[in-house]
Amino acid sequence: MAKLWGGRFSEQTDELVHKFNASISIDARLYREDIEGSIAWATALGAAGVISQDEKDILCNGLERVRREFDDGSFIFSAADEDIHTAVERRLTELVGEVAGRLHTGRSRNDQVATDFRLWIMRAVDQLLERVRSLQS
């Protein structure tokens, strides 16, 4: 299994290590936030002139298609999808080709994870507050 982050390694990751590191079963729930953050990032890259407006549009349209696949239940995970970020990026690459690689310009995986988690927490807190208010009434 080739990894998006595995450029420094000469051999494939052992399957047991892959299974140990995989978090897709837990973080799949972050797909909305991962896609929202990626759309915002692509938009910022386009506004800054780092990527062309055509590239920005291709990325955003591709990400919207990935979101629709998740929303309607037609998204198909691959055995190589270690986490939600690699799943979304893999599918985006399948849909739009090489331009998908431009999405990580100036953006680390750590930044992506932190942004996704913060967006998810903000949404979860809002839902929790609604439930507490409902319980109170």
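- Sequence neighbours left out, the pairs with a member in residues 119-135 that pass side-chain hydrogen bond (donor to acceptor under 3.5 Å, both in side chains) are Glu33-Arg123, Glu36-Arg123.
- Annotation for Ile24 and Ala87: closest pair CD1-CB, 4.2 Å, computed over non-hydrogen atoms.
- Between Lys56 atom NZ and Ile58 atom CD1 the span is 11.0 Å, to the nearest 0.5 Å.
- By the 6.0 Å contact criterion, CD1 on Ile76 is open, its count of non-hydrogen atoms from other residues, nucleotides or ligands being 12 or less.
- With hydrophobic clusters built from ILVMFWY side chains whose heavy atoms lie under 4.5 angstrom apart, Leu63 does not share a cluster with Leu119.
- Using a 4.5 Å heavy-atom threshold, the side chains of Glu89 and Gln112 count as separate.
- The neighbour count for Phe117 CZ, taken as heavy atoms of other residues, nucleotides or ligands under 6.0 Å away, does not exceed 12.
- Criterion: ILVMFWY side-chain heavy atoms under 4.5 Å apart, direct or through other members. Under it, Phe75 and Leu95 are part of a common hydrophobic cluster.
- Note on Leu30 and Met122: separate hydrophobic clusters, where clusters join Ile, Leu, Val, Met, Phe, Trp and Tyr whose side-chain heavy atoms are under 4.5 Å apart, directly or indirectly.
- Listed by chain and number, the residues in a salt bridge (Lys or Arg N to Asp or Glu O under 4.0 Å) with Glu94 are Arg90, Arg91 (sequence neighbours excluded).
- Glu82 CD to His85 NE2: the interatomic distance, rounded to the nearest 0.5 Å, is 10.0 Å.
- Rounding to the nearest 0.5 Å places OG of Ser38 at 10.0 Å from CZ of Arg67.
- With contacts defined as side-chain heavy-atom distances shorter than 4.5 Å, the pair Arg65/Asn61 does not qualify.
- The environment of Gln53 atom CD is dense: over 12 non-hydrogen atoms of other residues, nucleotides or ligands sit within 6.0 angstrom.
- Glu55 is not listed as a side-chain neighbour of Leu45, based on a closest heavy-atom distance of 4.5 Å or more.
- At distances below 3.5 Å, at least one donor-acceptor pair connects side-chain atoms of Thr86 with backbone N or O atoms of Asp83.
- Here the straight-line distance linking atom CG of Asp111 with atom CG of Asp116 works out to 9.0 Å at 0.5 Å rounding.
- Taking each heavy atom of Thr93 and Ala100 in turn, the nearest pair found is OG1-CB, 3.4 Å.
- A donor and an acceptor atom, one from each side chain of Ser74 and Asp72, are located under 3.5 Å apart.
- Tracing side-chain contacts under 4.5 Å through hydrophobic residues (I, L, V, M, F, W, Y), one reaches Val99 starting from Trp41; they form part of the same cluster.
- Using a 4.5 Å cut-off on side-chain heavy atoms (C-beta onward), Leu59 and Ile51 make contact.
- Between Phe70 and Phe77, the ring planes lie perpendicular to each other; the angle is over 60°, past the 30° to 60° tilted range.
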